[in-house]
Amino acid sequence: MLFLSTTIFSLLFQVRFTRWFGARTSRGTAITTGLALMGGAFVVMLPALWADPGSTAAQVTLAMVPLVVSALVLEAGIMIAQPFVMEMIPSYGNSSISGTLFGMFYLVSGVAAAGGNALIGYGIEIGNGWPGAVVCIALGMGSAVGIWLLQRRHMLADPTGVKA
């Protein structure tokens with residue numbers, strides 16, 4: 001249910017989100033918004049972690065609602081931020097080595113994901129899921145604040161070569 005709903009959501013709205021944010025906001029604002037939504041997605045999920053899903057089909061279905069909403073909010077954040085992040089990567093170096101820049105981006109992303117997943121997994125194990133969700137909230141919101149500060153200080157690269 002989660003994968004199906006997010007896939008359909010992405011197919012229906014990815015281009016619309018990218019065009020809307022591209023026409024109305026700066027890259028930094030779009031990335032900040034996306035990261036904040038990603039962190040906020042786990043706030044939506046917290047009640048589901050504390051609730052008893054019940055035993056009837058209706059109770060289990062109702063208990064899934066916060067999880068589906070959380071997945072859709074997370075997907076919306078990814079859909080908003082990712083195109084603008086990908087657009088900025090080549091502007092941090094010589095365009096003749098853009099493949100290397102993307103490779104480094106994915107290497108650093110993989111290391112960060114491994115560390116984050118270890119921390120989140122530990123949080124899930126020690127507290128029935130909610131500490132892991134709190135780590136996800138903190139990572140999303142902290143990253144949003146970091147990008148907001150970089151943008152405010154005009155330190156984000158612009159694909160046109162001008163600092164944004």
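What you see below is based on every heavy atom in this structure, not just the backbone, and it leaves out hydrogens, waters and symmetry mates. Predicted model only: the values in this text are computed from it and were never measured.
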I'd like to know whether [atom1] of [X] has more than 12 heavy-atom contacts from other residues, nucleotides or ligands below 6.0 angstrom.
X	atom1	result
Met104	CE	no
Glu125	CD	no
Phe102	CZ	yes

[Y] reachable from [X] in the ILVMFWY side-chain graph, under 4.5 Å edges:
X	Y	value
Ile97	Ile89	yes
Tyr92	Phe105	yes
Ile137	Tyr122	no
Ile78	Val15	no
Leu72	Leu4	yes

Separation between [atom1] of [X] and [atom2] of [Y], rounded to the nearest 0.5 Å:
X	Y	atom1	atom2	result
His154	Leu156	NE2	CG	10.5 Å
Phe21	Met79	CZ	CE	10.0 Å
Met38	Glu75	CE	CD	9.5 Å
Met88	Arg27	CE	CZ	8.0 Å
Gln59	Met64	CD	CE	15.0 Å
Trp130	Phe42	CH2	CZ	15.5 Å

Search all heavy atoms of [X] against all heavy atoms of [Y] and return the closest pair with its distance.
X	Y	value
Ile80	Phe17	CG1-CD2, 3.9 Å
Leu46	Ala133	CD2-CB, 3.7 Å
Pro83	Gln14	CG-NE2, 3.6 Å
Met141	Gly39	CE-C, 3.9 Å
Ile120	Cys136	CD1-SG, 3.4 Å
Ser5	Val68	OG-CG1, 4.0 Å

- Please examine the side chains of Thr33 and Thr25, heavy atoms only from C-beta on, and report whether any two atoms are closer than 4.5 Å. no
- Query: Do the non-hydrogen side-chain atoms of Leu37 and Leu74 ever get within less than 4.5 Å of each other?
  - Reply: no
- Kindly say whether Ala41 contributes a backbone atom to a donor-acceptor pair with the side chain of Ser70 at under 3.5 angstrom? yes
- Can you check whether Gly140's main-chain N or O pairs, donor with acceptor, with Ser143's side chain at less than 3.5 Å? no
- Task: Go through the steps for Thr29 and Thr32 under the test side chain to side chain donor-acceptor pair (under 3.5 Å), then give the verdict.
- Result: CA-CA 5 Å; Thr29 299; Thr32 299; over 6 Å; no
